[in-house]
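The next block holds one structure in the form of structure tokens; read it before the comments.
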Amino acid sequence: MKKRIGIVGSGLGGISAAIRLASSGYEVEIFESNSYPGGKAASIEFDGFRFDAGPSLFTMPFVLKDLFTEAGENLSDYLRLYRMDIICKYFYSDSTILNAYSDTNKFADEIELKTSDKKESVLNYLDYCKNIYDLTAELFLFNSPSQINTYFKARAVKTLFKINQIDPFRTMDKSNRKFFSDEKTIQLFNRYATYNGSDPYQAPATLNIIQHVEYNLGAFLPEKGIHQITQELYKLALKKNVNFHFNTEVKSLVSEYGSVQTINTSDNTYNFDAVISNSDVNTTFQKLLNDNKTFESKRYQKLEPSLSGLVFYWAINAYHPQLEVHNVIFSTDYKKEFEDIFKERIIPKDPTIYIYISSKFNQDDAPAGKENWFVMVNAPYINEQNWSDEIKSARKRIVDKITSVLGINIENNITGERILTPLDIQNKTGSYRGSIYGISSNNRNAAFLRQPNKSRSYKNLYFCGGSAHPGGGIPLVILSGKIVSDLIKKDIK
Ligand SMILES: Cc1cc2nc3c(=O)[nH]c(=O)nc-3n(C[C@H](O)[C@H](O)[C@H](O)COP(=O)(O)OP(=O)(O)OC[C@H]3O[C@@H](n4cnc5c(N)ncnc54)[C@H](O)[C@@H]3O)c2cc1C
């Protein structure tokens, strides 16, 4: 008889684990509260406009390719990925406009032209970022640091002997200041801490690995936008006979003699050989297991959640040639922005504004001559804020800033609007306190503190997704699905 695996949640981590297990002969069932798959990587549509609801940039495409290969399929038969020539266009408060080109030489030239930093410093910096990746990827991305055999792999051993080179003892900001002197360059590279929901003035410089991933390995979009990744993975899962139960919230997980093998929904009880939670780790312990007692649950509750976000989806009645697909309008005082978020726990008074316009890439996403603006600012995790006041005043600041920096009266061009708030992120995806990336990495030990993919307190309970190892972001949650399925294949034959 086939071994049966139950998965709570159809985020990309859950679907990735399901495809791998189903391809290896397991019978897999996924329970999803929403009526659609993909969790944060969903899509929304109104008034003839389509928006990627959450993620807007994809990196490490080989991770997706490996998933299809493991399922006996070719990624290229499902979707085509395009490397972005201009990864992002940056607008600074001193009116400088800088393009981050995917061609690293061209990017380094642009930095030399628009800042007081030298081309050579950029190229040296990207080599330093690559070195961190080469030393850490095996240990922290592709394997589980909580599994002892990980440390016997040759590359992982190398990491332990070269700990200083992975730069864990200074912050990202401090390290970036050693390479650059212009605040504009520093702000640009500090921004990468937000890719895992952290503060560059607290997070370890090891996170500079992200710049290697984006500049050296490349930033991509599928031809129909990020949501195409969700759609194609869902299609592949169905092809592998994964059974999805939509509109089905898991109400509890039953622990019997320390083993979790039963899932309760409001209508039914299901038994499995193992259960994977693709829901948030804190939500799983506190809500599904009613567990405030085990070491694992108590430890996790103490960790600081990552950033949340506030997103406005705007139907825009005009075309803006001065913008690219991805754009950032920087704040004037970046340090203050993170103090607002992590200390004051408010939406920053002067927020950095991210604008993603997928219709510039895929014209089907907006009617002719119009644009679909995804406008996002970093927000604090939920902590008793008055969100309606916060959002109202943040929206005004965002509109005013776009109007003054881009010189356009954007309010006049907004013909439709939807909003994603930290409360929505919590309610729609189960994320603890609306955090986007699980726990923050505002601490040099964060990589070791993240929830392991296999529970230490409960037998047969596993975790995948953004709040578990190796962390948030599409490629990492897909990797979490790989790590978890490898563990299950070893444990439950
Ligand atoms: C605004 C925003 C922007 C982002 N930008 C990027 C980006 O540009 N690039 C990038 O790589 N990443 C980005 N991310 C992060 C990325 O989207 C996530 O890391 C990733 O999609 C999370 O996948 P996951 O597997 O953790 O599942 P999630 O997406 O968190 O989904 C979990 C699923 O589990 C379901 N669930 C939870 N509890 C239960 C229950 N009890 N019963 C049934 N179902 C349950 C939820 O309904 C949900 O569907 C962004 C995220 C957001 C929100």
Side-chain angles (χ1 to χ4, degrees), residues 10-16 19 37-44 50-71 73-89 100-103 129 133 137 141-142 191-192 194-197 207 209-237 309 311 324-328 354-362 364-365 372 374 376 429 436-437 464-466 470-482:
S10 71
L12 296 182
I15 302 182
S16 152
I19 292 171
K40 297 181 178 73
S43 180
I44 65 166
R50 190 206 70 86
F51 299 80
D52 283 321
S56 53
L57 195 69
F58 179 56
T59 53
M60 300 171 78
F62 52 89
V63 165
L64 192 60
K65 191 162 176 261
D66 285 352
L67 172 56
F68 277 81
T69 308
E70 204 176 313
E73 305 276 331
N74 280 321
L75 173 64
S76 55
D77 294 338
Y78 286 76
L79 60 87
R80 265 195 289 166
L81 291 166
Y82 291 90
R83 190 167 179 164
M84 308 303 295
D85 281 341
I86 295 179
I87 300 175
C88 189
K89 185 165 185 173
Y101 295 101
S102 75
D103 177 329
C129 298
Y133 178 91
L141 298 184
F142 302 121
R191 177 179 166 248
Y192 287 91
T194 64
Y195 277 36
N196 94 339
L207 286 191
I209 184 178
I210 302 170
Q211 292 82 311
H212 166 67
V213 168
E214 186 155 308
Y215 291 103
N216 295 328
L217 303 183
F220 297 81
L221 265 185
E223 58 190 321
K224 295 198 177 116
I226 290 285
H227 186 241
Q228 200 184 359
I229 296 177
T230 303
Q231 286 175 316
E232 302 304 332
L233 286 181
Y234 176 54
K235 226 189 266 174
L236 179 57
V311 183
E324 291 294 328
V325 177
H326 301 99
N327 310 272
V328 164
Y354 172 66
I355 307 172
Y356 164 53
I357 310 171
S358 71
S359 61
K360 283 187 181 291
F361 179 76
N362 173 24
D364 295 345
D365 284 349
N372 64 340
F374 164 110
M376 178 174 175
T429 67
I436 294 182
Y437 301 93
C464 70
I474 300 175
L476 299 202
V477 303
I478 292 177
L479 281 171
S480 77
K482 174 174 166 44

What one should report as the nearest heavy-atom pair of E73 and L236 is CG-CD1, 3.6 Å

Candidate pair V213 and Y195, rule side chain to side chain contact (heavy atoms under 4.5 Å, CB included), full reasoning | CA-CA 11 Å; V213 168; Y195 277 36; over 6 Å; no

Close side-chain approach of D77 to F68, heavy-atom, < 4.5 Å | no

Quick one: CG on D52 to CD1 on I44, what's the gap to the nearest 0.5 Å?
-> 10.0 Å

Geometric class of the Y82/F361 ring pair [parallel <30°, tilted 30-60°, perpendicular >60°] = perpendicular

Between H326 and L221, is any pair of side-chain heavy atoms under 4.5 Å apart?
-> yes

K482 vs E70 side-chain heavy atoms within contact, under 4.5 Å = yes

Any side-chain heavy-atom pair of R50 and D364 under 4.5 Å = no

Would you find a donor on one side and an acceptor on the other, under 3.5 Å apart, between the side chain of D66 and the backbone of V63?
-> no

What's the spacing between I474 CD1 and M60 CE if we round to 0.5 Å?
-> 12.0 Å

Between I19 and L233, is a side chain to side chain contact (heavy atoms under 4.5 Å, CB included) present by the stated rule, with each step listed?
-> CA-CA 8 Å; I19 292 171; L233 286 181; 3.9 Å; yes

Give, for atom CG of L12 and atom CD1 of I229, the distance between the pair rounded to the nearest 0.5 Å.
-> 7.5 Å

Full working for side chain to side chain contact (heavy atoms under 4.5 Å, CB included) between V311 and F374 = CA-CA 7 Å; V311 183; F374 164 110; 3.7 Å; yes

Does G218 offer a backbone N or O that forms a donor-acceptor pair with the side chain of S102 under 3.5 Å?
-> no

On a heavy-atom basis, the closest approach of G481 and S16 is CA-OG, 3.5 Å

Would you say the side-chain atoms of N372 pair up with the backbone N or O of S359, donor to acceptor, closer than 3.5 Å?
-> yes

Ring pair (Phe, Tyr, Trp, His ring centres under 6.0 Å) partners of F51, counting only residues at least two apart = F46, Y313

Might you point out which heavy atoms bring A219 and I87 nearest each other, and give the distance in Å?
-> CB-CG2, 3.8 Å

Locate the shortest heavy-atom distance separating G13 from S480; write the atom from each residue and the value.
-> CA-OG, 4.3 Å

Verify the neighbour count for atom CG of D85: are there more than 12 heavy atoms of other residues, nucleotides or ligands below 6.0 Å?
-> no

Taking only residues two or more places apart in sequence or in another chain, which ones pass salt bridge (charged side-chain N to carboxylate O under 4.0 Å, His left out) with K89?
-> none

Under 3.5 Å donor-acceptor, N327 side chain and I355 backbone | yes

Sequence-distant partners of F220, ring pair (Phe, Tyr, Trp, His ring centres under 6.0 Å), two or more places apart | none

Residues Y215 and Y101: closest non-hydrogen pair is CD2-O, 4.1 Å

Exercise: identify the closest heavy-atom pair between I436 and G309 | CD1-N, 3.8 Å

Note, Y437 side chain near L476 side chain (heavy atom, < 4.5 Å) = no

Spacing of CG belonging to L57 relative to OH belonging to Y356, to within rounding of 0.5 Å = 8.5 Å

Residue pairs passing the salt bridge (Lys or Arg N to Asp or Glu O under 4.0 Å) test with at least one member in residues 215-228, sequence neighbours excluded, are R80-E223

Can you name the residues that form a ring pair (Phe, Tyr, Trp, His ring centres under 6.0 Å) with F58, not counting sequence neighbours?
-> none

Cut-off 3.5 Å, side chains only: do S56 and Y354 have a donor facing an acceptor?
-> yes

So the side chain to side chain donor-acceptor pair (under 3.5 Å) pairs with at least one residue in residues 225-236 (sequence neighbours excluded) are E232-K235

How far does CG of L67 sit from CG of L75, to the nearest 0.5 angstrom?
-> 9.0 Å

Starting at CG of L64, measure out to CG of L479 and round the result to the nearest 0.5 Å.
-> 10.5 Å

